[in-house]
Every structure is written in C-alpha cells, then in structure tokens.
Amino acid sequence: MSHVARGTGRGGFITGFLILPLALYLTFVIWPYIQTFGYSFTNWSGQSPTFRFVGLDNYAALMKDEVFRGALWHNLLLLVFVPVITILLALFFAFMVNAGGRSGAGGVRGVRGSGLYKIVYFFPQVLSLAILAVLFGAVYRSDAGGLLNGFLTRLGLVDPAHPVEWLNEPNLVLWCLLMVVVWHGVGFYLVLFSAAMQSIPKDIYEAALLDGAGRAQTFFKVTLPLLWDSVQTSAVYLGIAAMDMFVLVSTMTSGQFGGGPDHHSEVMATVLMRNFLYFGKSGYACAMGVVMLVLTMILSIVTLRATRRERIEF
Amino acid sequence: MTTVIKAPGEPAAERPGGGRPAKEGGKGPSDGMVLNVFSHGFLAVWAILIVLPLIWLALGSFKTDSQIGGSALSWPSHWHFDAFSRAWDKGIGDYFAHTLIVLVFSVPLTMLLGSMAAYVLARYPFPGNRILYYFFVSGAMFPVFLALVPLFFMVKRLDMLNTYQGLILVYVAYSMPFTVFFMHSFFRTLPTAVHEAAVIDGASDTRIFFQVMLPMAKPGLISVGIFNVLGQWNQYILPSVLMQPQSGSDPERYMLTQGLIQLQYQMGYETDLPVLFAGVTLAMIPMLVVYLSFQRQIQAGLTSATLK
C-alpha cells in the first residue's frame, strides 16, 4: 500500500475537508482577481450599478496618464535600488557577523555578540509598516524637531533657519522612502543569508583554505556562489515589495493617498487607490491592477532568468 | 562560473565557534584583529541606526509638544505617563481590542482550514489533485492590489463591510495560499507507518487527521502560525479598504495599524504629538515582548517561510 490511503468512501472525507477552504478562497481571492480583468474593460464607477464595455479605452488612457507614467517610473527606480542596496548591505553584514571575528588559533569566526546583532537587526521586521510610517514621519520632520534635521543641525551641516524638507523636497522624497524600506529589510535578509552561510559544509572552506584562498577570495569564490539561491529569492521578494510601497507612500507623503509633493513620490498603488476610492473610477483602477500584475510577473521571470547560475550542489 | 570542488573526505579540524576556516598562520592574528575592529565598527553603527530612532520615539512620549517641535535632541523634562493614558483614551486601547478580536478567530481558522486543505492535497490522490494544489498556491503570486476593487464590492454584497466577521474571512482567505503551500510540504514528510497503524486500529480519516497528523505537524504549524500572526497583525491595506464606517451611525472598528495612521492625522491637527508617540510606543511594546521571547522561532519561522 502506498503512503496514501486508498479505498472507497474517501470521497466524502476529501470533499468535506476541501469544501470550506476552497469556498473561502474562491469567493475572496480568485473571483475578485478574475473580476478585475473584466472590470478593467468597463467604465464602471463603482457606485452606479450600470456600466458599459469600453474595450481597451482604460489601457489607452493609462498610457497617456502622466501621473501613472510617473508612478511607473518611480516603481521601476525602486525596483532597481531597493533590492540592490538591501542585498548588498545584508550580505556585507552577514559576512561580518559570520566571519568578521578575530582569527584565533582555531580559525576565523563570527564576531563576538553576533547573536545580539542578529536580534537587534531583525527587530524592524516584526514592526508593522504603519509604525514605520509614523516613526519615520517624525524622523524626517522638516523642522528642528525631526531626528535627522536635529542631528545635522547639531553637527552644523544644516542651517537651523532652513532645515531640509526631506519629504517635501521633490528630489529627495523617493530616496527618503527608499531608506525606510532598506532600514526595515536589511536585518531580515542578514538572518536569511546568515542561515544559508551556516549551512555550507565546513570542508569546502577547508579545501579553499588548503588552496591558499584569502578571506575576500573565500567570500567571492565560495560563499557567494553557494548563497546564490537565497540571493535570487531575496531579489524577487524585494522586487515585489518595491512594486507595492502603498503603505509608506500613502501615509508619509502629502496628497490624497500620498504621492506628493506634486506627484514626485507617486507609485502605481497610490494612483490606483486614489482612482478607486477618491475619483470613483473603479474600472480604470482595475486596469492599473492588471498592469501591476503583468509587471510583477515580468519582474519575477526576468529576475530569476537574469540571475540564473548553474546550481551548485553540496 | 566558479566551480567548487568537494573537499577530500578528511574530517575538518576541531574549530571553536563554528565559523570560517583559519587563514594561514603567520599573518593570521593581526589581520584578524584589524578585521575584527573594522567589522565591529560597521555592525555597531548599523545597530545604533536601528535602535536610536526607536528609543528617540519612545522618549518623545514623555516630552511636551513644544519640546518635540523645538529640538529633536532635547531630553524629556518630565517623566509622567499621561501621554500614554491619553493615547489609550484616544482609541489605542480599542484598536488593540479590535485587532485581537479579529486575530483570535482568524489565526486559528487559517491554521485549521489551511491544514485541512493541505493535508488532503498532500496525502490523498484524486483526480485534479495537482491542479487544485497549484490553484491554491498561485494566489500567493498576485499582488493584493489586483483584487482590491472587486473584493470591496464582494464584501459589500455580503453585507460584511466594517464587520469583524468580514475581515476574519478575508484574512483567512488571503492567508490560504501560503499556509497550504507550507503545510503541504510538511504533511508530505510525515511517516506513513503511523498513518497505516492508525488505519489498522480502525481510526477514521477525520480522527487520524486531528489526533495523529495534526499533533505530529506541530513544528510546521508553529512556523506558519508565527507567519500568519505577524502578517495579519501588521496588515494595513485590507482593513483600510474593508473596515471604514459605512454611515454616520456605524461605529468605527479600526485595526491597530489603521488606528495609528488615524491618530497621526488627528494629532497633526490637534498638535499633540506626545500622544502619537505614546500610541506608537504602546503598539510597539507587545511586538517587542513577543519578539524577545520568541526571537529564535520568529527568525527561523520567517526565514524558512521565505525560502520554502
């Protein structure tokens, strides 16, 4: 007999166990997903029960929508910088934590207190984005009461009469938001990479050592290739996070559902929400949802392909 | 690309700390010392960057509003807790309660329904099994924004906007893909012998699931449980669309995350920032306590959740 139970009369059991989860999932996840595609071809306002089929009009309008195009551009910028900065910092710290210690008689090891570092670094991960939004809203305050301006003033780098308007400065706002995402994510990916590093068998290092490899060489020639799977996964996850950004942008920047000043921090999700809940253009918002889906799909495939390496077994 | 040659079979030398192998003797110690200082420096700077804003925010709860606006680096002049009690009265207590009410139902329900589906899909072959599995799992790939507009009207049609039960069901549904995915791989690894023994003893399928399989899957349940608790506790987008008062007489049932953002707007007008800071600090404390008590499981749970 195979590991699975066989026999008659299981049909009822199988159905019984699947029916509720499936019903919920279909009602609240799958059906709305499917409906989005349908609505994206209509001029539905969301309020009135009537709407009419408009074909690809919404998509054509999207292409001409300056605000949406700007948002798309910001998402793409974030898409490049968020994963790159976060992963590089996380790799750097993970290597420090695991191999930065003094080499005694026995060998190179992690720094003292590496456990403590991991605890501290990881903590932002369990905080909600809403907490981050309030916290960094205060840090980036545009007067001497903001932590950043307070520090820079004290150091004499900023004129107290003209503090930096972090979140109101068109050229700065997006980078300020990016730093919040990095601050939030580094610890998590550090722990992830760290776990992967520790699962690498010691005898591989032994071999590298016998061949006379230095620490940097060990990292680039041994550790990094063996971590590649985790790096790849991380890139996809961070990319998906960079496509979203709704919570931070909508709560930290000015404007209805954020995006200010003057659309300089606009992302697709905020444009979507504004069109849906504020302008009452549900069909149009659905078209944006579809564009976001397509881009997310492309992103995942491209990331996985572009970072493809020969898988190394150990 | 780099090829890695398997090391010869000789066992590795005894190495304390379990880190990386030693560099060659002569230049080793001094080189290691420099790196040690160097790495501690960088690590400490980042640790400060994490901790400092959090402590600064908590200290803000004890300042006066003008002190907060005046200078970021001022030390609180008095150590009263009145901002905390005002924050509690402003609704933080209620937001906590609302979030707890939802999670008390949504997390166990997620675990139960998710495990049931995963169990059947993992251990009972039937036509369409694979298709159904991929169907369940594929939901994790789509951005939630894609579904938001129709979801709102679906919940509205069911007359469940701004109700706990509505949000509970939506949370359970959106946690389903990942829970099924994770538990599926877990149930597959459980030994078959136990299952067969239970069958011979005459236990029914349902009974086997609840009394044999579920207890055996406990480590997996804990990992997914942590993931779901954190995910649902921190959820912002779903409640901000589904949990708005629908009319003047409809009471507000904001979740904690929503409530904090609400408080931020409100305190911006009322210029009572200590209340906002106290509110955020209050919202952070349970997370800090839970995290410090379970940090090992949380780190392991979340990282394995990502990699699986």
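In what follows, chains carry the letters A, B, and so on, assigned in the order in which the sequence lines appear, proteins first and then strands, with residues in each chain numbered from 1.
- Contact annotation for B:Leu256: neither backbone nor side-chain heavy atoms come within less than 4.5 Å of a heavy atom of chain A.
- Looking at A:Ile30, the atoms closer than 4.5 Å to chain B (heavy atoms on both sides) all sit in the side chain, from C-beta outward.
- Of the two parts of A:Tyr39, only the side chain, counted from C-beta on, holds a non-hydrogen atom closer than 4.5 Å to a non-hydrogen atom of chain B.
- Looking at B:Tyr174, both its backbone and its side chain come within 4.5 Å of chain A, counting heavy atoms on both sides.
- Using a 4.5 Å cut-off between heavy atoms, A:Leu89 contacts chain B through its side chain alone, with no backbone atom that close.
- Within the 4.5 angstrom heavy-atom criterion, only side-chain atoms of A:Tyr117, from C-beta onward, approach chain B.
- For B:Ala44, the parts sitting under 4.5 Å from any heavy atom of chain A are the backbone and the side chain alike.
- Considering only heavy-atom pairs separated by less than 4.5 Å from chain A, the leading option among B:Ile237, B:Val180, B:Val170 is B:Ile237.
- The ring of B:Tyr171 has its center no closer than 6.0 angstrom to the ring center of B:Trp233.
- Separation of the B:Phe152 and A:Phe276 ring centroids falls under the 6.0 Å cut-off.
- Checked against a 6.0 Å centroid threshold, the rings of A:Phe188 and A:Tyr121 do not count as neighbours.
- At a 4.5 Å heavy-atom cutoff, the contact between A:Ser282 and chain B is made by backbone and side-chain atoms alike.
- With a 4.5 angstrom heavy-atom cutoff, A:Thr27 touches chain B via backbone and side-chain atoms both.
- In this structure, OG1 on A:Thr251 lies 4.5 Å from CD1 on B:Ile261, to the nearest 0.5 angstrom.
- Ring-plane geometry between A:Phe136 and A:Trp183 is classed as perpendicular, the angle between the planes exceeding 60 degrees on a 0 to 90 degree scale with a lower cut at 30.
- Looking only at heavy-atom pairs under 4.5 Å with chain A, the residue among B:Leu52, B:Leu169, B:Ile68 that has the most is B:Leu169.
- Highest contact tally toward chain B, considering only A:Leu129, A:Thr296, A:Leu22, is held by A:Leu22 [criterion: heavy-atom pairs under 4.5 Å].
- Between the CG atom of B:Leu230 and the CG atom of A:Leu127 there is a distance of 10.0 Å, given to the nearest 0.5 Å.
- For the pair B:Met255/B:Tyr95, no side-chain contact is recorded, criterion being any heavy-atom separation below 4.5 Å from C-beta on.
- Across all non-hydrogen atoms, the minimal contact from A:Val222 to A:Pro225 is O-CD, 3.3 Å.
- The side-chain heavy atoms of A:Phe123 and B:Val51, taken from C-beta on, include no pair separated by under 4.5 Å.
- The most heavy-atom pairs under 4.5 Å with chain B, out of A:Leu116, A:Leu148, A:Val186, come from A:Val186.
- Interface residue B:Met176: only side-chain heavy atoms are found under 4.5 Å from chain A.
- If you measure heavy-atom distances from B:Gln264 to chain A, the contacts under 4.5 Å come from the side chain alone.
- B:Thr99 OG1 to B:Asn234 CG: the interatomic distance, rounded to the nearest 0.5 Å, is 10.0 Å.
- Contacts between B:Met154 and chain A at a heavy-atom distance below 4.5 Å involve the side chain alone, from C-beta outward.
- At a 4.5 Å heavy-atom cutoff, A:Met268 makes no contact with chain B through either its backbone or its side chain.
- Only the side chain of A:Leu26 comes within less than 4.5 Å of a heavy atom of chain B; its backbone N, CA, C and O stay farther away.
- Residue contact with chain A, scored on non-hydrogen atoms closer than 4.5 Å, is absent for B:Ile208.
- Among the candidates B:Gly231, B:Ala47, B:Ala193, the residue making the largest number of heavy-atom pairs closer than 4.5 Å to chain A is B:Ala47.
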For residues 142-151 of chain B, run the donor-acceptor check on the side chains, cut-off 3.5 Å, and write out each pair with its distance to 0.1 Å, sequence neighbours left out.
none

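- In this structure, OG in B:Ser240 is found 8.0 Å from CD in B:Gln235, a value given to the nearest 0.5 Å.
- Note that CZ of A:Phe219 and CG of A:Leu224 are 5.0 Å apart. Values are rounded to the nearest 0.5 Å.
- Contacts between B:Leu112 and chain A at a heavy-atom distance below 4.5 Å are absent for every atom of the residue.
- Of the two parts of B:Ser138, the backbone and the side chain both hold a non-hydrogen atom closer than 4.5 Å to a non-hydrogen atom of chain A.
- Most heavy-atom pairs under 4.5 Å with chain B, from the set A:Val120, A:Leu135, A:Leu24, A:Leu147: that is A:Leu147.
- Rounded to the nearest 0.5 angstrom, A:Ser230 OG and A:Leu192 CG are separated by 5.5 Å.
- A:Gln125 and A:Tyr189 form no side-chain donor-acceptor contact under 3.5 Å, judged by distance and modelled atom types alone.
- Chosen from A:Trp31, A:Phe92, A:Phe37, the residue pairing most often with chain B at heavy-atom distances under 4.5 Å is A:Phe92.
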- Message: For B:Leu273 and A:Arg141: C-alpha separation, side-chain torsions, deciding distance, then whether side-chain contact (heavy atoms from CB on, under 4.5 Å) applies.
- Response: CA-CA 12 Å; B:Leu273 283 172; A:Arg141 270 175 71 127; 2.7 Å; yes
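- For a residue to count as touching a neighbouring chain, one of its non-hydrogen atoms must lie under 4.5 Å from one of that chain's; by this rule B:Trp46 touches chain A with backbone and side chain alike.
- Of the atoms belonging to B:Leu158, it is side-chain heavy atoms, and not backbone ones, that fall under 4.5 Å from chain A.
- Comparing A:Leu18, A:Ile34, A:Val126 by heavy-atom pairs within less than 4.5 Å of chain B, the highest count is held by A:Val126.
- Both the backbone and the side chain of A:Ala269 come within contact range of chain B, judged by heavy atoms closer than 4.5 Å.
- Taking the six-membered ring for Trp, A:Phe13 and B:Phe209 have ring centres at least 6.0 Å apart.
- The most heavy-atom pairs under 4.5 Å with chain B, out of A:Leu277, A:Thr36, A:Ile19, come from A:Thr36.
- The distance between the ring centers of B:Phe136 and A:Tyr25 falls below 6.0 angstrom.
- Between A:Asn149 and A:Asp143, the closest side-chain pair of non-hydrogen atoms is not below 4.5 Å.
- At a 4.5 Å heavy-atom cutoff, the contact between A:Leu272 and chain B is made by side-chain atoms alone.
- In this structure, no portion of B:Leu190 lies under 4.5 Å from any heavy atom of chain A.
- Options B:Leu54, B:Val155, B:Leu109, B:Ile298 differ in how many heavy-atom pairs under 4.5 Å they form with chain A, and the most are formed by B:Leu54.
- Aromatic ring pairs are classed by plane angle as parallel below 30°, tilted from 30° to 60° and perpendicular above 60°; the pair B:Tyr119 and B:His195 is perpendicular.
- With a threshold of 4.5 angstrom between heavy atoms, B:Phe42 approaches chain A through its backbone and through its side chain.
- For B:Val241, the part lying under 4.5 angstrom from a heavy atom of chain A is the side chain only.
- No part of A:Met243 comes within reach of chain B, as not one of its non-hydrogen atoms sits under 4.5 angstrom from that chain.
- Ranking B:Met287, B:Gln67, B:Gln258 against chain A, the residue ahead of the rest is B:Met287, based on heavy-atom pairs under 4.5 Å.
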